[in-house]
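One structure is given here, and the rest of the page talks about it.
Chain A is the first sequence line, chain B the second, and so forth, proteins listed ahead of strands; every chain is numbered from 1.
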Amino acid sequence: MTCEDDKVVLTDFQAKKLTALEQIRSRKFLAAFQSIRDLVVMAEEEEEEETYFRTSRKVDQALQRFTSEAFVAPYEGAAARRRIMLGMDAVALQLSSNLAPPYDTVPKRVYLNALRALTVMNEMQQSAGYGGNATTSLGADSTYSPFRILQRLVTGVGIRRKEAGSCTAYSNESIQEKDFNMVLNSFSNMGRMDMAHKIVALQERTENAPPLSPVGYSILVKGYGRRGDLRNVDMIVAHAKANGIVPDRIMLNSLIDAYVNCNAMDKAKTLFDCMAKGGSSSHRGTLKWVRNPDSGEVPRPNQRTYNTILKGLAKSGSLKEVLSMSQKMEMKRLWDDVTTNTLVHAAVLNGNFDLAEAVLDRHTSSANARANRGRRRNEHPNVEAYTELLDGYSKASQLNNALQVMQTMKDRGVEPNEFTYTCLIAAFARHGQVDKAKKTIRYMTTTGGLKPTAVTYNAFISALLSLPEGQQDERDDDQCSRAVLPAPTDDQVDEAIGIFYDMMRSGIRPNDVTLATLIIALGRCRPAPRIEEAKELVGKLEKNGIVSYKNNHKVVTALVQSCGLSGDINGALDWFRMLKRPDLVAVNAFLDACCRCGYEDVAMKTFRHFFGPGDGGSSAILQPSVISFSILIRALLKKDTVPASEDAQILYIEMKDAQKLFPDQAMVDLVLKTVIRTGKLQKKDVPLVASIVRDAKELEWRPGQLERRRRAIKAVLSSRSRLLSVWNDEDDDILLREIKSEDTLLKRKGWNKVDSGFRLWGGGKMDIQVEGENDRPVDEFLESKGWNDMESGFRIF
DNA sequence: TTAGGGTTAG
């Protein structure tokens with residue numbers, strides 16, 4: 001190579017580099033990346049050593065310039081995603097290049113920037129509802145990238161040493177714990193506990209990596225708590241204890257919240273008690289762990305602690321408990337906007353709209369920007385409560401009151417947001433006012449300056465598919481529990497599909513929930529299922545790359561269920577087989593499909609395959625749920641034979657003894673409905689019914705559930721049976737009246753154990769006939785069964 | 001770095 005040639009090459013190179021820098025400046029990232037790729041090749045081909053080194057350094061400068069721009073905020077949106085992934089491509093390019101060392105490695109700072117960009121981006125996309133369509137040009141999954149970067153950071157592979165050419169060993173000591181925690185937190189927020197676990201494992205087995213601190217444990221506990229995974233929450237706590245972790249207030253708050261999310265209020269209350277009472281708490285064991293061994297102090301509860309426990313009480317306890325706790329908070333001056341929102345939540349959950357209105361009357365914040373720091377821009381701190389109240393009215397078929405909430409918001413200067421509009425749109429749709437729902441979408445976009453989301457349309461569609469007001473009573477008695485929503489009509493389904501196309505036309509990508517909703521609707525619609533249309537729809541969307549159903553559990557499960565509903569067992573089987581690792585919901589859907597199509601034997605085999613032999617051993621692939629048992633028990637009872645009823649009973653016992661599961665409302669409804677036909681309860685079914693209703697005695701019934709239960713009872717009553725269980729909820733007028741009249745009756749009969757869990761109710765005559773036992777006095781019958789009538793919670797008269 | 005509050009959902 002002559003001196004002349006050399007000059008030309010350098011000039012070319014410089015020109016290219018200038019182009020690249022200009023492209024970066026004008027944010028043409030793809031073009032810039034391509035230019036840099038050319039630069040890399042040019043440098044690699046350089047033969048003269050010093051020039052090779054010099055050009056390599058210049059390429060590195062360009063690369064660093066590129067990545068520092070690529071990994072900068074904002075991290076939201078498709079363009080940001082492309083930019084960040086190009087940044088990752090640039091990192092990969094440099095690592096795989098033959099640039100002169102150390103320029104074939106990447107400075108630590110770049111990795112750290114990438115880490116931040118990737119984690120924030122992944123979390124945002126998760127919440128934006130991107131499906132599994134995320135792949136990069138290198139085929140790398142953006143979910144794994146943060147993990148791989150951390151791996152590099154701890155091993156030093158591909159990381160530039162401080163001084164060029166230095167031979168000193170890479171030291172990972174300067175990797176901050178917060179770098180790990182940032183990634184851990186993002187996986188935890190995404191619900192990817194598998195990945196979170198990988199991070200922890202990496203941290204634990206790497207020398208010099210920072211050990212898990214209360215911060216890391218807080219993050220893990222949060223993640224498992226959100227998934228309702230009590231077992232792993234407990235496991236993390238045990239791990240922390242074993243490692244001598246002294247929990248701080250945040251960790252305890254996280255733990256209380258996790259317990260609340262896992263419906264483990266007893267544990268949440270214990271912890272709260274320790275924090276509130278400190279040394280005087282009676283929970284010695286917990287106290288021992290929670291207390292700081294040096295100072296002897298126990299972290300004191302703060303506003304968040306109280307709000308968290310309040311949320312738990314709202315979820316599981318009575319309104320009374322919530323009210324007394326909120327009064328305590330007010331006295332301690334710990335009341336804030338979250339308290340207001342939580343109290344409204346509790347009130348709405350209990351159907352006590354007056355209370356919700358009263359709380360908002362008194363506690364609505366005067367909107368000020370300072371209160372909103374860290375939240376969405378200038379949003380009123382109580383929109384959430386108003387939104388929930390609106391939604392509550394709408395779901396309780398009180399459209400006018402729902403609309404009145406919009407007016408109240410306006411009067412009080414509470415600006416509706418996309419959540420509020422979503423609920424309003426669903427409210428219109430639920431009441432058959434489709435045009436107004438559509439208008440609201442337009443209104444929120446234009447006047448409100450808000451964008452409807454996939455959830456907006458999903459809410460619209462599913463509200464449409466639920467029966468409009470006025471037709472509620474026409475449901476057949478199949479539809480007594482939430483587990484069985486009313487079957488939509490052809491017209492409703494057509495309307496829903498129309499909205500679905502509106503959605504796509506306005507450029508909003510349907511997600512798996514959208515698709516699953518439509519699939520189920522098509523599978524169940526009246527007068528005949530339209531399963532073929534469902535399959536076509538899925539195929540079309542897949543072909544056009546709009547939604548990918550492959551490996552999408554929700555969509556495939558919906559197809560399994562839909563096939564089952566329309567008697568297509570082969571279809572159900574085909575779709576079910578597509579799932580490499582079916583989850584509980586999928587297995588339940590398949591069990592249901594088998595049973596509906598008359599393949600109880602296949603169902604039973606499937607049940608054993610996934611849930612094990614029922615000995616409580618650990619050979620099971622999955623843990624069954626009450627639903628799994630409900631499906632099989634119903635199928636068995638439907639067979640209406642003595643051996644099948646016995647099998648049902650055995651399954652029920654297995655559910656309680658081996659699986660420690662107890663019946664829920666749906667199961668009670670289902671069994672009652674299946675077993676009580678033509679007013680007769682057959683002898684073979686008595687033991688099962690008796691134990692189920694007795695076990696269900698502790699169930700908590702909320703107004704919505706009470707309503708369903710009331711319908712179930714109505715169904716039972718209308719089938720000439722008299723069957724009633726005892727309610728503790730004094731809020732429900734109708735049931736109260738029924739119980740009162742029942743109590744009168746019991747008094748007249750001289751029976752005063754009204755607290756027993758279960759009564760059969762009839763105007764003094766025996767309405768439930770126990771086949772073959774009609775003539776025998778009840779007490780004799782019970783005695784013959786070895787039942788103590790009241791203690792067994794079962795009385796026949 | 002980490003903790004509490006609203007919409008759809010098999």
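Checked against salt bridge (charged side-chain N to carboxylate O under 4.0 Å, His left out), A/Glu321 has the following partners two or more places apart in sequence or in another chain: A/Lys269. Scored by the salt bridge (charged side-chain N to carboxylate O under 4.0 Å, His left out) test, A/Asp502 finds A/Arg505 as partners (sequence neighbours excluded). Applying the side chain to side chain donor-acceptor pair (under 3.5 Å) rule to A/Tyr393 yields the partners A/Glu357; only residues at least two apart in sequence or on another chain are considered. Applying the salt bridge (charged side-chain N to carboxylate O under 4.0 Å, His left out) rule to A/Lys222 yields no partners; only residues at least two apart in sequence or on another chain are considered.
One N or O donor and one acceptor, one from the side chain of A/Asn417 and one from the base of B/dG6, sit under 3.5 Å apart.
Side-chain rings of A/Tyr306 and A/Phe272 approach one another, their centers coming within less than 6.0 Å.
Contacts of A/Lys311 with the nucleic acid, taken as non-hydrogen atoms under 4.0 Å apart, involve only primed sugar atoms and P, OP1 or OP2. The residue A/Asp336 sits close to a base: some heavy atom pair falls under 4.0 Å. A/Ser254 comes within 4.0 angstrom of the backbone, heavy atoms only, and of no base. Residue-level contact check: A/Asn588 touches neither bases nor backbone, having no heavy atom under 4.0 Å from any strand. Counting any heavy atom pair closer than 4.0 Å across all strands shown, A/Asp583 reaches a base atom. Here A/Ile520 lies in heavy-atom contact (under 4.0 Å) with sugar-phosphate atoms only.
The separation between A/Arg249 atom CZ and B/dA3 atom C1' is 10 Å, rounded to whole Å. Distance A/Leu349 CG to B/dG6 C1': 13 Å, rounded to the nearest Å. As rounded to whole Å, 15 Å separates atom P of B/dG6 from atom CD of A/Glu418.
Residue pairs meeting the salt bridge (charged side-chain N to carboxylate O under 4.0 Å, His left out) criterion with at least one partner in residues 389-398 of chain A, sequence neighbours excluded, are A/Asp391-A/Lys395.
Within residues 258-265 of chain A, no residue is approached by DNA chain B to less than 4.0 Å at the level of any non-hydrogen atom.
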